[in-house]
Structure formats: structure tokens, C-alpha cells
Amino acid sequence: MQKLREISIPDSEKMQKVISLCKRRGFIFQSSEIYGGLKSAYDYGPLGVELKRNIMNEWWKAMVYQREDVVGLDASILMHPKVWQASGHLACFSDPLVDCLNCKERFRPDKAPRAKPGEEVEFVEGGKKRGRKRRALVERDYVCPNCGCPELSPERHFHLMFRTFLGPVDMLEELVEVVDRNRGLSRAELKEAVASVLERNSVYLRPETAQAMFVQFLNIQKSMSMKIPFGIAQMGKSFRNEVTVKHYIFRSCEFEQMELEFFVEPGTQEEWLEYWKEERLKWYRKFANRPEMFRAREHTPQELAHYADKCYDIEYRYPWGWDELEGVASRTDYDLRKHSEASGVKIEYFDPTKKNEKTGKMGVRYTPYVIEPAAGATRSVLVYLLDAYAEEEPPEEGKSGRTVLRLHPRLAPFKVAVFPLVKKDGMPELARKIVQEFFEAGIHAKYDEQHAIGRRYLRHDEVGTPFCLTVDGQSFEDETVTIRYRDTREQRRIKIREALDVVKKELSREEK
RNA sequence: GCGGCUGUAGCUCAAUGGUAGAGCACUAGCCUUCCAAGCUAGUGAUGUCGGUUCGAUUCCGAUCAGCCGCUCCA
């Protein structure tokens with residue numbers, strides 16, 4: 001057997017290499033590139049769309065098809081604005097921020113050091129460690145947390161939800177009229193008047209898929225006769241005006257989520273949280289070459305969101321360190337309760353099998369608690385690309401090293417490539433006949449006759465194609481082809497009529 | 001949003017105030033019976049806008065985008 005020696009790649013170079021491969025081989029392109037690109041927006045090319053879709057299909061399979069207690073949902077991205085009022089996103093997503101005019105620090109006023117208005121304070125010019133000292137009067141009840149300077153920009157709100165407007169009528173006229181009518185007002189009052197026009201017409205692109213599952217809880221539970229515990233699964237795009245976008249597709253303003261809301265009886269949330277944490281960790285590791293690169297980390301009390309009583313982050317060891325991939329949160333009954341209060345609709349579950357302690361009769365009514373495993377689909381794409389990317393030294397003298405994507409066969413964009421050894425003697429025709437069988441079976445396959453055979457193997461290694469079938473002279477004598485394995489570079493002969501089954505069998509293997 | 005660095009062909013990189021070059025890749029053809037062989041020919045680039053200049057890819061400014069750090073990330 002050939003010895004395949006992997007070249008170790010420093011973390012500092014890994015992202016560059018993966019990004020470059022993704023562009024070169026049609027996985028991921030920058031959005032609107034010919035216009036100079038758009039901040040943190042990326043397009044999934046012909047191979048990227050396959051990888052992303054394969055990951056999402058595997059998630060759907062594990063969440064919905066392979067269990068009885070979860071059903072699916074595909075909600076609209078635009079929802080009634082009251083949804084976001086009730087969920088708290090409208091308020092929380094617009095924290096005021098302030099810039100320090102001295103050291104350029106940006107911070108939240110509520111987290112800044114307190115000070116007395118009118119007091120004189122000393123600070124270093126430019127915010128450096130040493131330098132000329134200056135004094136100034138405190139105007140507000142806080143100073144810059146970095147340099148202590150009281151000279152600050154106005155408090156500004158940063159809306160983290162994308163606002164848009166429903167309805168074809170342009171509100172420009174209305175706005176002009178409001179401004180015109182209120183000429184005498186102060187700036188603050190005018191701002192409020194304009195804001196109210198905007199608010200009245202605004203809808204928002206969802207910042208998470210979760211809320212639709214809470215809002216449709218009753219419809220789904222009743223129409224499908226679901227009994228608690230049960231879950232609702234949804235995949236789709238969400239949008240956030242992130243202050244800082246980072247690390248390629250890791251944090252972008254438009255991203256794709258795979259979320260499960262799993263409703264449980266109050267009091268059982270802890271065990272279900274543990275259950276889902278383990279399930280999700282297992283799921284990620286199933287498709288990975290390096291399962292040890294995934295871990296679950298419990299949130300510290302400081303990190304915990306206001307709606308959660310406990311939360312795990314499923315983290316991956318990215319080239320920049322451990323970072324989030326999925327959050328598995330115990331959200332209590334916060335969301336259902338909020339929507340119940342805001343809408344006036346009683347969102348409860350009636351369990352006829354439990355005895356009511358108070359009345360002694362059968363049947364208990366309660367607001368379910370929810371466990372939320374919320375995964376990043378686009379983050380998963382990055383994670384599996386990083387996990388799969390490898391470079392190898394030449395297996396022996398005179399041969400070539402290679403770059404290989406060791407993707408799980410079910411995640412790989414092409415499942416199989418079919419080649420004629422050379423472009424003559426009827427080999428292309430036979431190879432095309434074989435590839436046609438895969439087309440008809442719905443297995444994504446690629447016919448390739450360009451360049452020499454070795455180059456074709458290596459090109460398909462680079463995009464993660466797990467199996468290559470090659471027609472040669474012998475194929476016409478005994479109806480066999482060679483199957484060549486991506487991970488080992490080994491090959492063996494199989495009967496042509498068995499080729500489809502051999503590939504199918506490899507694809508159905510659970511473990512990587 | 002701040003600070004630092006960066007932007008030349010699909011990729012990796014070179015050069016210059018005066019005709020922008022290579023390797024790889026790609027295309028066509030020849031050759032080729034299992035791991036990036038060879039030969040011939042070919043396509044293809046200075047992120048965008050503006051300024052200085054006789055002339056700017058080079059100098060300056062703005063802008064867009066990327067990387068690193070800070071900040072942010074209910």
C-alpha cells in the first residue's frame with residue numbers, strides 16, 4: 001500500500017488555502033465581485049451549493065425523517081412586526097453605542113464607568129499609555145471605559161435587524177409632509193415624528209428562524225396531533241446587521257440556519273438539554289475526519305441570555321481558535337409566554353394523561369418549555385471544508401503530491417466521476433453509458449475525459465469526489481472497470497453492472 | 001466603527017512615472033493504456049472613482065473589498 005503522508009498546515013495559512021480552493025474550484029465566490037464585492041456576502045457556486053445542500057439534507061434527515069417526534073416548517077422570512085416586539089428583538093437589537101472622540105473606542109453607555117456631570121476629569125490625549133494629559137468637564141453620567149475621556153459622540157442606535165417596507169406605496173411623501181408640518185419642533189421631537197412614520201410601515205427580515213416556530217406552535221401541534229415532547233424543525237435564511245463581519249462565511253449579515261425547537265414538559269428541560277447536546281455533537285462528529293475538533297461548552301452565567309436557564313455552545317476548533325458552531329439552549333417558556341401575552345392567544349398544551357393535583361381530575365394544562373438546538377448551516381459548510389482540507393506529500397518518488405478534500409461521501413458535491421482511460425477505442429462511449437446510470441439513479445456524477453488520467457484523479461481529489469470509475473481496454477473483455485478511492489488512492493476492479501450498487505453501499509455507510 | 005497591513009490573469013507571484021511578465025490553470029490540436037508527462041498554438045490582469053503629470057498600475061485623496069488587532073456579537 002502506498003504511504004500517504006499529510007503535510008501539516010499552520011493555522012495562520014489554513015483559511016487562505018481553503019478560501020483559495022473554494023474560489024478556484026467553484027465552491028464559494030464573493031458576492032457581486034465584478035462590482036467590487038459586497039461586505040461579507042458570499043455566493044455558493046456549483047460545488048458549494050451541493051455541499052451546503054447535502055449538509056442541510058443530512059440535518060433534515062436526522063431531525064425529521066429519522067424520528068417520530070419532530071415535524072418540519074418553512075415559514076416566510078417576513079413576519080408581523082409584533083413578532084419581533086414580543087420576542088424582544090426590536091428592543092435588544094438596537095442598543096445605543098457611543099464613540100470616544102479622544103481614543104476612538106466604541107462602547108455601550110450602560111457598561112461604561114460612571115461619572116458626575118460637571119466634574120473635571122483628567123485623561124491622556126489620544127488614549128495612549130503615556131502622553132500629554134488633558135482635562136475636560138464631564139457632560140453625561142459616564143466617561144470612555146478605555147481612556148476616561150468625557151468628550152463623546154452622541155448616543156447612536158444600531159439596528160441589528162434589516163428594516164424594509166411592506167406595500168408598494170412610497171412613504172417619501174408622507175415623510176416630507178411630517179417634516180414640513182413640524183418645522184417648529186426640536187430635533188428630538190422631529191426625529192420621533194419621522195420614526196413613527198417609519199415604524200408604522202416597517203417590516204423586518206427575520207434575525208432567526210426560531211420565532212416562526214413559536215408563533216405557529218398551536219397550528220402545528222393541533223394539525224399534526226403532536227404530543228409533548230415534540231419538536232419543530234426549520235432551515236432557512238436569517239439576516240443580521242452584524243457590527244463586525246468576520247472570518248469569511250463564519251459571520252455574515254445574511255446566513256442560513258438549521259433550527260429545532262423541541263417542546264417539553266416544564267421540569268424535564270434539563271434532561272432534554274443534555275440529550276440534544278449529545279445528539280448534536282454526535283451528528284457533527286459523524287461526518288468529520290477529526291471528531292476531537294468538536295466540543296460542547298456550557299455558558300457561564302455572564303454569557304447566558306436573559307431567556308435561557310442553561311445553554312451549551314457546540315464549538316469547533318477553527319484556525320482562529322474554539323468558536324461557536326451551534327447553540328443548544330434551554331429557553332424555558334419565555335418565547336411562548338411572550339407571544340401569548342402580546343397576541344392575547346392562549347398558547348398552552350393540554351396533557352390529558354396527567355392528573356391535575358389541584359382538581360383531582362385528569363388533564364393538565366401548561367406552557368411548554370423549549371430546548372433549542374440552533375445550528376449554523378453556513379458555518380457548517382466552513383467547518384466541514386476545514387475538516388476535509390488536507391495536503392499530502394508524493395506517495396513515492398516521481399509522483400505528485402496532492403490537495404484533497406476528505407469530505408464524507410454523502411457531503412461530497414460529486415459522488416462519483418467516470419472516466420475513459422483514453423479518449424478513443426470506444427472508451428468514451430462506454431464511460432458515458434455508465435455515467436448515465438448514475439444520472440438516472442439521482443446520484444450526482446461527473447463524466448470527465450480531459451487531460452491525462454492522473455490529472456483527472458487529482459482534480460477530483462481536490463473537490464472531494466470519493467470514487468472514480470475508469471473504463472479501460474479490459475472493460476470490453478470482461479465488463480469491468482476500476483474503482484479508485486479518494487482517501488487511499490487505491491483501486492480495484494469491479495463489474496460494470498455492480499458499479500451503481502457499490503457506490504450506493506459506500507454512500508449508505510454511517511461512519512466516516 | 002477605530003488602528004495597522006493589503007488589493008496586478010482563474011490561482012500563486014514578478015516588474016515599472018513611458019509597450020505589464022512568469023509558473024500553474026484554462027481552450028484547441030497532436031501524443032498518451034492508471035495518478036498533475038511532452039509538443040504546438042491560443043484566451044486572459046493593475047478593485048472603483050477622482051487628483052497631480054505630457055504620460056499613473058506606480059505618487060496623492062476618496063471609496064469598495066479583504067486580512068490582523070480592538071470593539072461588537074440579545
Side-chain angles (χ1 to χ4, degrees), chain A residues 2 4 12-13 15-17 19-26 29-42 45 84 87-95 97-108 111 126-128 144-146 153 156 158 160-161 207-208 240-248 250-251 253 303-308 320 323-324 327 329 331 334 392 394-396 398-404 419-425 427 450-462 468-475 481-484 486 489-491 493:
Chain A
Q2 294 173 319
L4 300 178
S12 56
E13 292 169 24
M15 285 298 283
Q16 275 307 336
K17 284 173 179 284
I19 291 168
S20 167
L21 176 81
C22 282
K23 182 176 185 193
R24 189 156 37 88
R25 302 308 309 276
F29 309 118
Q30 181 157 43
S31 164
S32 321
E33 197 187 76
I34 61 167
Y35 288 104
L38 182 68
K39 184 170 147 182
S40 148
Y42 292 91
W84 308 116
S87 69
H89 285 88
L90 218 40
C92 293
F93 266 53
S94 59
D95 293 324
L97 291 176
V98 169
D99 292 313
C100 173
L101 300 178
N102 180 45
C103 72
K104 311 299 180 197
E105 178 95 348
R106 166 172 290 184
F107 60 93
R108 279 171 59 170
K111 289 188 177 170
K128 297 190 183 91
C144 172
N146 180 47
S153 76
R156 281 178 298 197
F158 289 79
L160 293 189
M161 279 198 292
E208 60 177 28
R240 293 182 196 180
N241 257 321
E242 298 287 356
V243 176
T244 311
V245 293
K246 237 187 180 165
H247 301 309
Y248 197 36
F250 177 78
R251 179 176 296 137
C253 296
E303 284 177 281
L304 219 48
H306 60 281
Y307 51 71
W320 63 87
D323 210 336
E324 190 187 7
R331 288 177 80 122
Y334 179 85
E392 284 172 3
E396 54 193 78
K399 293 202 172 169
S400 169
R402 64 169 182 168
T403 298
V404 55
F419 309 140
L421 184 59
V422 287
K423 228 190 313 185
K424 60 182 185 188
D425 301 338
M427 293 182 201
Q450 279 163 341
H451 306 295
I453 186 73
R455 280 166 104 163
R456 285 178 246 158
Y457 286 144
L458 295 184
R459 282 180 63 79
H460 275 280
D461 287 341
E462 225 180 23
C468 296
L469 303 176
T470 301
V471 170
D472 59 13
Q474 195 183 326
S475 302
V481 288
T482 58
I483 181 167
R484 183 264 194 189
R486 174 196 69 197
R489 298 178 78 158
E490 288 177 319
Q491 48 184 291
R493 293 201 81 85

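None of these values were measured; they are calculated from a predicted model.
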(request) Nearest whole angstrom, please: distance from the P of B:rU32 to the NZ of A:K423. (result) 13 Å

(request) Look at the side chain of A:R484 and the base of B:rC35, then say whether one donor and one acceptor between them are separated by less than 3.5 Å. (result) yes

(message) Can you check the distance between B:rC11 and B:rA45, where both ends of the measurement are the C1' atom (answer in whole Å)?
(response) 12 Å

(message) Distance check needed: B:rU12 P versus A:Q16 CD, whole Å only.
(response) 8 Å

(request) Looking only at side-chain atoms of A:D472, point me to the closest of B:rA65, B:rU33, B:rA74. (result) B:rU33

(message) I need the CZ-P distance between A:R331 and B:rA74, as an integer number of Å.
(response) 12 Å

(request) For B:rU48 and B:rA41, measure between their P atoms and round to the nearest Å. (result) 32 Å

(request) Rounded to whole angstrom, note down the P distance from B:rU32 over to B:rA37. (result) 15 Å

(message) From C-beta outward on A:V422, which listed nucleotide comes closest to its side chain: B:rU33, B:rA74, B:rC67?
(response) B:rU33

(request) Locate the shortest heavy-atom distance separating A:M427 from A:G473; write the atom from each residue and the value. (result) CE-N, 3.6 Å

(message) Base, sugar-phosphate or nothing for A:Y248? Non-hydrogen atoms, less than 4.0 Å.
(response) sugar-phosphate

(message) When the P atoms of B:rG21 and B:rG44 are compared, how many Å lie between them, rounded to an integer?
(response) 13 Å

(request) Scan A:M427 against the nucleic acid and name what it touches under 4.0 Å (heavy atoms): base, sugar-phosphate only, or nothing. (result) base

(request) Select base, sugar-phosphate, or nothing to describe what A:T482 touches, counting heavy atoms under 4.0 Å on all strands. (result) base

(request) Return the nucleotide paired to B:rC49: Watson-Crick means purine N1 to pyrimidine N3 with N6-O4 or O6-N4, wobble means G-U with N1-O2 and O6-N3, both under 3.5 Å. (result) B:rG61

(message) Could you check whether the side chain of A:Y35 and the base of B:rC64 have a donor-acceptor pair of N or O atoms closer than 3.5 Å, going by distance alone?
(response) no

(request) Could you tell me which nucleotide pairs with B:rG38 by Watson-Crick or G-U wobble geometry, both distances under 3.5 Å, or answer none if nothing does? (result) B:rC30

(message) Please tell me if A:K23 has a side-chain N or O lying less than 4.0 Å from either OP1 or OP2 of B:rC11.
(response) yes

(request) Report the nucleotide, chosen from B:rU27, B:rA37, B:rC11, that has the shortest atom-to-atom distance to any side-chain atom of A:S20. (result) B:rC11

(request) Could you check which nucleotide pairs with B:rG44 in any of the strands shown, counting Watson-Crick or G-U wobble with both distances under 3.5 Å? (result) none

(message) Rounded to whole Å, please give me the gap between CD in A:Q491 and C1' in B:rU33.
(response) 12 Å

(message) Does A:D425 reach a base, just sugar-phosphate, or nothing at all? Heavy atoms under 4.0 Å.
(response) base

(request) State, to 0.1 Å, how close A:E462 and A:R24 come at their nearest heavy-atom pair, and which atoms those are. (result) OE2-NH1, 3.1 Å

(request) For A:R251, report the nucleic acid contact type (base, sugar-phosphate, nothing); a contact means any heavy atom under 4.0 Å. (result) base

(request) Determine the Euclidean distance between corresponding P atoms of B:rA56 and B:rC49; express it in Å to zero decimal places. (result) 14 Å

(message) Looking only at the side chain of A:R24 (C-beta and beyond, no hydrogens), which of the listed nucleotides B:rA65, B:rC11, B:rA25 gets closest?
(response) B:rC11

(message) Suppose you measure atom C1' in B:rG17 against the same atom in B:rC60; what distance do you get, rounded to whole Å?
(response) 14 Å

(message) Could you tell me how far B:rC39 sits from B:rA22 if I compare only their P atoms? Round to whole Å.
(response) 16 Å

(request) Determine the interatomic distance between C1' on B:rC13 and the same-named atom on B:rU6; round to the nearest Å. (result) 15 Å

(message) What's the closest nucleotide to the side chain of A:R240 if the choices are B:rA36, B:rU32, B:rA74?
(response) B:rA74

(message) Students often get this wrong, so: under 4.0 angstrom with heavy atoms, is A:Q450 touching a base, only sugar-phosphate, or nothing?
(response) sugar-phosphate

